[in-house]
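In the text below, chain A, chain B and the rest are named by the order of the sequence lines, each starting its count at 1.
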Amino acid sequence: MENQGTLKWRFDVSTFRLIGRDLITDRITALFELVKNSYDANAQTVNVTFKNVAAGENGAVITIEDDGFGMSFEDIRDKWMVIGTSSKRKEPYTPEPFSRKCVGEKGIGRFAVDKLGDKVTIITKKAGEKEWLNVDIDWTAYYNSQNGEGITLFTDIENQYKFTPCEDSNASGTKLIVTGVREVWTKIDIQRFVTEVSKIVSPYANLNFPFQVKVKASSYDIDVVATRNQNDVDIATVSFSLGYDNESETQDAVHFDDRSSTIVVNPVPLKSFGGIKMKVFYFDEAARRKYRKEFPNNEIDGIKIYRDGIITTPFAESKTKDDEKRDVLGIDKRVWENIFDRVSSREIIGIVEITMKDNPKIIDATNRQDFVDNEEYRELKRFIITQLDAIENYKKFARIQKKKKSQDTLDATGEIIQDFITSVETITKEKPELKKSFEPVIQQAKKTDRAVKNVIRERKEAEEEFSRKENIYMSIMSLQEYAIHITHAVRTTLNKIRDRVEYFKNFFPNPDEDDLFLEYAGEMYDEFMILNRVIDYMLSYSQSNLHPEDINLSLTLTEVLAGYSDLLQSSGITLETSLPKRLELKNTNRQFFRDILQNLMDNSIKAVKDSDPKIIKCTAYAEDDDLVILVSDTGNGIPKEKREWVFGLYNTTTEDQGGAGIGLYVVKTRVESLKGTVSVEDSEFGDVGTTVKIVLPFKK
Amino acid sequence: MSFKVVFIDDNMKKGLKEPFVLSIKKFRPQIDASVFMDPAEGLQYVLDNMNNRMIVFVDCRFDGYGLQGINLLKQIREKTSLLYIVMMSANNLSQIAGIDLVEMINQDYIWFLDRNNSTVQDACALIDSIAALWDSRFDCVLEQWLNRHQEDKDRVVFNQNNKAYTWGQLLNEVRLQTEVGKDFERIMNQYCIAKFKLDQ
């Protein structure tokens with residue numbers, strides 16, 4: 001082998017750009033990728049050093065140095081510089097005795113250095129080799145080549161390498177020196193990186209070979225060990241820990257036991273996503289204060305998922321503002337459902353441990369920001385959220401206990417004052433000569449008694465007000481879900497209108513196409529009408545009649561059906577109803593039930609137009625903890641393959657009769673905002689017609 | 001030269017009444033356009049017409065359908081790489097699931113069209129750039145030639161390492177970029193240049 005020469009990349013421009021700049025979403029993620037590479041190289045210590053990176057400083061350098069097993073010349077040539085090398089996939093574990101699960105599976109982390117700076121020097125060596133290999137890569141050469149005319153092949157760019165002598169042939173490791181750093185790193189940037197690195201290795205993973213990351217930034221006097229250990233999270237108010245057993249095919253799950261007032265673990269059958277370990281620590285307000293004091297650099301920031309001991313998601317969330325962080329598991333989304341009892345990610349630290357072996361169906365998304373959306377991942381999310389119910393019930397219990405305690409104290413104070421007044425009055429009765437002396441004391445005690453009674457009354461009023469507000473918040477649909485529904489609806493309609501306007505712009509006038517222009521004009525009008533309906537639907541969320549109230553459901557449904565009596569009669573449609581005489585629902589939305597039934601009735605009336613007989617049937621009944629509503633008709637039915645499809649926006653089977661595909665969409669969103677489900681079932685009339693089934697859980 | 005452009009999108013109008021498609025057709029009259037709202041029907045049409053030059057515009061998301069854009073891409077790619085596929089989406093690359101994206105990169109040519117911010121002209125420009133590539137890719141040229149010369153498909157034309165390869169097998173080797181495939185492609189290119197020079 002020559003002692004020095006040149007090396008070439010083996011991929012093309014577009015691939016490089018895709019991998020280097022698009023997949024690595026930001027600098028912190030890029031740096032994080034390099035730390036993960038060190039982990040894969042069996043490093044135990046990684047030193048990340050920032051020099052002269054502050055504004056106004058010159059010659060910025062970022063160094064990532066590890067004591068891992070390093071790379072040989074062949075490793076660099078045949079693996080490091082070849083995109084998508086599968087060596088890590090063929091050997092999913094790092095060499096013995098560490099046997100760590102490789103985390104840079106897709107082999108793209110190395111391209112992260114491009115995100116950090118224009119030039120990088122790699123200094124690396126395997127144990128036993130006598131020289132350090134130095135490779136210089138200048139990314140600007142690649143971009144210059146790309147911008148030039150003609151050649152765009154990366155294979156034509158040469159990278160210099162040389163060997164330098166070493167003192168200790170047993171030493172090994174890799175050092176990346178990034179220069180030409182394009183952007184200033186602020187103190188906050190580096191602190192955010194420290195925060196991300198602090199989560200890299202689960203403090204609960206059984207690591208026989210600990211992994212430590214030190215971060216130094218002389219510009220800001222930062223010199224910290226970023227990785228943390230289990231003691232860091234030992235100040236929680238309550239916690240639980242779950243495991244699983246493949247032999248008995250069971251998974252631990254928790255619930256809050258009202259009788260014993262404790263969180264209880266029970267085994268349930270293994271779920272589709274495979275067994276998981278899970279630890280959750282809940283911090284009440286006092287515990288949160290303590291945590292913030294002890295770990296000013298770390299936040300209480302929700303549940304993280306670790307695969308084989310390494311964090312997978314949410315990955316490197318580098319947003320400073322809490323509101324901008326993504327809510328991958330949907331924990332904070334739920335807070336809007338019940339702002340008082342739901343736990344938010346700012347109150348819990350949780351660790352979910354999954355493995356490649358036992359959870360193969362949970363698949364990393366390439367952007368490292370989430371998992372691939374499949375049924376198993378959805379069930380995993382549901383499972384995690386369900387476990388939080390135990391903490392929420394504990395929270396509710398603690399709130400009631402606290403309220404009761406302070407109420408008891410107030411009541412006791414009132415009684416003590418009353419006893420005192422009675423005692424003094426008894427004494428003055430027995431010894432009237434003391435009455436004059438005691439009079440000011442009695443008056444003062446009576447005054448205090450009145451004040452205490454006032455406090456008790458005001459407190460009661462405040463509680464009623466609180467309860468009223470609580471009901472309002474509980475009734476509002478998740479704002480995020482709402483925003484997604486609305487933007488999707490508006491965007492789809494606007495795109496359709498835009499396409500038609502563009503056609504007019506490009507081709508109008510054309511006498512040969514007058515009919516077509518007229519058709520498009522009509523469609524644009526229809527789309528605007530649809531947009532109006534969507535906007536009405538948006539506005540319905542601001543209506544005052546959406547405030548929660550107690551309703552007699554039978555009466556509400558009967559009122560809606562009564563509104564159709566003339567139309568049903570003139571169309572020859574028979575309406576059958578089976579509603580309980582009295583069905584009271586607490587804190588619900590009368591308007592939602594009206595919307596649901598009206599839309600279903602409208603659909604059924606359209607569906608039975610050409611049928612014989614024409615029957616619509618409306619049934620409501622309680623079943624276990626659910627309210628079930630069925631609306632059936634003898635109409636033309638919905639084909640089995642379209643039973644889910646019909647609930648999508650603008651999806652309709654009655655286009656010919658003016659159906660715009662909004663009705664069932666409204667039904668679905670209304671039912672979902674009442675925390676229920678809606679589906680098209682086999683018709684209760686047999687071979688003809690449709691039955692729509694709505695299941696709503698009774699609120700406890 | 002005429003070629004097919006197929007649009008598979010559940011939000012488009014049936015037939016050739018969709019203004020987006022009609023506009024493209026007016027700006028590029030040489031194309032033979034078809035629209036499918038049902039992804040399964042669209043896929044079937046594409047698979048039935050694989051021997052034609054074709055660009056397929058596929059919506060990434062189909063509300064209420066089992067088949068999604070990525071499934072269509074995979075199923076088409078299993079059969080041929082002659083077809084060029086344009087995924088239409090409001091999402092950007094980073095929102096596409098990891099394994100899907102890796103599969104796309106590892107597969108052949110794939111484009112994206114952002115339907116929220118692109119005009120008809122953007123779509124036409126994309127069609128032009130795809131059509132320009134059409135005539136230059138070795139495997140595409142070879143496959144088209146074989147479609148016209150079915151009788152040659154099983155004829156042995158190349159030997160390497162004591163193994164004989166037919167035209168059909170060579171096409172497969174080129175697609176898979178095996179050593180044999182790469183060697184053959186290189187030899188053919190060198191041969192063409194040499195022949196061109198001689199002819200001059």
Quick check: are there more than 12 heavy atoms from other residues, nucleotides or ligands sitting under 6.0 Å from [atom1] of [X]?
X	atom1	result
B:Lys25	NZ	yes
B:Asp199	CG	yes
A:Tyr525	OH	no

Open item on the list: Give me the atom names and distance for the closest heavy-atom approach of B:Asn11 to A:Lys496.
Closed with: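 Heavy-atom minimum between the residues: O-CE, 3.6 Å.
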Open item on the list: Show the nearest heavy-atom pair for residues B:Pro19 and A:Tyr503, with the distance to one decimal.
Closed with: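 What the structure gives for the nearest pair is O-CD1, 3.7 Å.
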Task: Straight-line distance of B:Phe20 CZ to A:Arg498 CZ, nearest 0.5 Å - done: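 If I round to the nearest 0.5 Å, the distance is 8.0 Å.
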- [ ] Would you indicate whether the side-chain heavy atoms of B:Lys17 and A:Leu516 approach each other to under 4.5 Å?
- [x]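 They are in contact (side-chain heavy atoms under 4.5 Å apart), so the answer is yes.
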Open item on the list: For a 4.5 angstrom cut-off between non-hydrogen side-chain atoms, does A:Tyr520 reach B:Leu22?
Closed with: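 Heavy-atom side-chain distance check passes, below 4.5 Å.
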Open item on the list: Heavy-atom cut-off 4.5 Å, strictly under: side chain, backbone, both or neither for B:Lys13 against chain A?
Closed with: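 Side chain only.
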Open item on the list: I'd like to know if the side chain of A:Glu502 reaches the main chain of B:Val120, judged simply by a donor and an acceptor atom lying under 3.5 Å from each other, with no hydrogens or angles considered.
Closed with: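 Present.
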Open item on the list: For a salt bridge (Lys or Arg N to Asp or Glu O under 4.0 Å) check, start with the C-alpha distance between A:Glu513 and B:Lys26, then their side-chain angles and the critical distance, and finish with the verdict.
Closed with: CA-CA 12 Å; A:Glu513 290 192 324; B:Lys26 286 202 164 196; 2.7 Å; yes
Task: Under 4.5 Å from a heavy atom of chain B, the part of A:Arg643 involved - done: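 A:Arg643 has no heavy atom closer than 4.5 Å to chain B.
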